Amino acid sequence: MQQSSARVQSPSAPERPATAARRCDTCAVRERAVCAALSPEVLDLYSREGRIQVVPRGKTLVWEGEEASLVANVIEGVLKLSTSTSDGREQIVGVVYPADFIGRPFGERSQHSVTALVDSKVCLFPRTMFDRLAREHPDLEHQLLARALDELDRARRWMLLLGRKSASERVASFLLEMSTRLAGPADDVPLDSFELPLDRQQIADVLGLTIETVSRQLSALRAAGVIELPGRRALLIRARGQLAQLAGD
Amino acid sequence: MTLINASGMRPQQDSPMWPYHPELLARPVPRYTSYPTALEFSPSVGAEAQLEALQRLPRGTGISLYAHIPFCKIICWYCGCNTHRANKPARVENYLEVLQAEIDWLAGRVGGRVRLDRLSFGGGSPNSLEPAGFVRLVGQIISLFGNDRPEISVELDPRTFEGEWRTLLGKVGISRASFGVQTLEPDVQKRVGRIQPLEMIVEGTKALRDSGVRSLNFDLMYGLPGQTTDHLLHTIDQALELGPDRIALFGYAHVPQQIPRQRQIDAHDLPGMEERFRSAALGHARLVAAGYQAVGFDHFAKPDDPMAVAARNGTLRRNFQGFTDDQSEVLLGVGATAITCTPELILQNEKNLGQYRELVAEGLPPATLGVRRTTDDRERGLIIEELLCGRAADLSVMAENGLVELRLQPFLRHGLCTLADNRLQVTSAGLPYARAIASCFDRYRNHPSERFSNAI
């Protein structure tokens, strides 16, 4: 998979606005990402080392020629985290959304890859810097831990989905997850109506299903009146309770 | 022959009555957490064997994964584990990064093919890691091995069980923990460089229970410098107040020539063999009288604890972590010195942290020591495991072996084991001799040259 994708090269001159902190001020996930816990002074230090990277749809994020392991915050988009199994298959280990923290190192030395499912933007920084900040700023440590626990919960839900759920449960779970995760920063209420960021092939890919199965499951949900599909990508959840039941949680 | 029982005076029916035969305890014997034991590991079995072992795991194999964290904030003088002072955070963080890289490597070889049933963290002290780092480690393993809820257990050092760690286990979904209590006697604690007041254990236990730990083990020790049997019994009584589900009662082995840090311990303060024996016997009696079931020769568990149930059902096993109810045939170890064990092979990862890091960084197999288990090893290993787990061992699988019978004679004569119908079983009086009896089957401990010195 990594081989087939064009690589995003590290820019020779990383983006460095005149006032780094100001870049963070205008960041779309400023209030929700892990860095929300940083005081203005720490944020200033942090933003000097953080680097914004645009990842076009289908591209795999590989930061070449770096000694240090990198981690990232998702600013916008949807990306999949994957690894390859012993028999060369791709194993999806998670899907991340805006404000998510990608705490697993990736890059040349790692078997993990981060691939954009839609045009995405991430903020990269060295993992060691993060660990150092965490050590020096106890409030941040608590935030980081909370973030790591969220990640663990997501990993568990994802493994449950891939390991034990039926095709219909997987599709229902995924729709619910997107409706929660794509909700804007202003409120935490899940969206009842949104544009699916992924096409059916991509949904099939991350859920380990075929495109036919995904289409059949979506049609069945529509026929049962649980969802509506008013446009090619538009989705309307009509019976959230029922969808949750079908998700098998 | 001396009889030693719970009252210290008169034998009673419901307390163990252990006959003291110093001549049968004089020879040092391994703990048999594996057979062949670690003494038989050789550098000729390593990287290549590891690749082969991993490749040969059948699809769907249930595995136990063990991750070694070789750091402690303070190193105790008695400790024989591979552990280092966690004095520089960067050192621990770097190790965690290497460990995660090894896990990536391992998952790249067996991921998708094996089923992760159990996950254990030991050391050292897993709680020398930053809580967030530990959580990321668990998340990584769960993601790569694809089981959302393996049974997770963790060893904890009470002295550094603080801050976020106090509430962490429940949040991570860990239901089993082991607390290194060792001794609660302040004077003995000073002599082994491990200061941990009773309140620390009390508070730690409460925090663990509050965070949802269902199976809690306390490690206790006897035979420490300056430790009398009364000290041990006092520690046991204080520990019992806290209601642990399990207790492991280990005897301290003083081998300063092999473990340099033990040189800090004054050998003059060490109790003699008879005092050690008395401690083991009376400690056993005290725990049994308190309602704990004896499991194997040094573990105790509440009767409804899974380990006690396994002992009653005949499914108790012995592996590198001691006695266990874990039924996995395959144990995969990650981290420096971690041991991997399959029916055919036992392998140990590189011990030296720097060299371990180099192997992992180059994507090479980290095992540098090991032993292939021959059919003979496996047959003997099974007999040893059965004996230590308290089951009758079927000797008919072994070829006629006059030497073994000769070696067993003194134990049989004293009623420490019985042999009928080719089935050998350790009796309750023979419990403290279980390892010595098991060693009669150890081909590597019994070279023909020893035969005569044994017989005399």
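Convention: sequence-line order gives letters A, B, ...; per-chain numbering from 1. Everything quoted here is computed from the prediction, not taken from an experiment.
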Legend entry - Heavy-atom proximity to chain B below 4.5 Å, by part of A:L162: neither
Legend entry - Residue B:E52 excluded, over 12 heavy atoms near CD under 6.0 Å: yes
Inset, instruction - May I ask you to test the B:D148-A:R164 pair for a side-chain heavy-atom distance under 4.5 Å? - result: yes
Inset, instruction - Compute whether any side-chain donor of one residue and acceptor of the other, for B:N147 and A:R156, lie under 3.5 angstrom apart. - result: no
Inset, instruction - Could you tell me the separation between the CD atom of B:E164 and the CG atom of A:L149, rounded to the nearest 0.5 Å? - result: 8.5 Å
Inset, instruction - Using non-hydrogen atoms and a 4.5 Å limit, figure out which bit of A:R157 sits close to chain B: side chain, backbone, both or neither. - result: neither
Inset, instruction - Could you tell me which residues satisfy side chain to side chain contact (heavy atoms under 4.5 Å, CB included) with B:E93, sequence neighbours excluded, listed by chain and number? - result: A:D131, A:R135, B:P89
Legend entry - Part of B:R59 within contact of chain A (heavy atom distance under 4.5 Å): side chain
Inset, instruction - May I ask you to list the residues in residues 165-177 of chain B that approach chain A closer than 4.5 angstrom, counting heavy atoms only, ordered by number? - result: B:L168, B:K171, B:V172, B:G173
Inset, instruction - Return the set of residues passing ring-ring contact (aromatic ring centres under 6.0 Å, His included) with B:F145 (not counting sequence neighbours), or none when no residue passes. - result: none
Inset, instruction - Quick one: closest heavy-atom pair of B:S143 and A:Q91, and the distance? - result: O-NE2, 3.4 Å
Legend entry - Under 4.5 Å from a heavy atom of chain A, the part of B:Q55 involved: neither
Inset, instruction - Under 4.5 Å, counting heavy-atom pairs only, tell me which of A:V93, A:I92, A:L81, A:L152 racks up the most with chain B. - result: A:L152
Inset, instruction - Verify the neighbour count for atom NE2 of A:H142: are there more than 12 heavy atoms of other residues, nucleotides or ligands below 6.0 Å? - result: no
Legend entry - A:L145 vs B:V135, side-chain contact (heavy atoms from CB on, under 4.5 Å): CA-CA, chis, key distance, verdict: CA-CA 8 Å; A:L145 175 60; B:V135 171; 3.8 Å; yes
Legend entry - Sequence-distant partners of B:E329, side chain to side chain contact (heavy atoms under 4.5 Å, CB included), two or more places apart: B:R317, B:P343
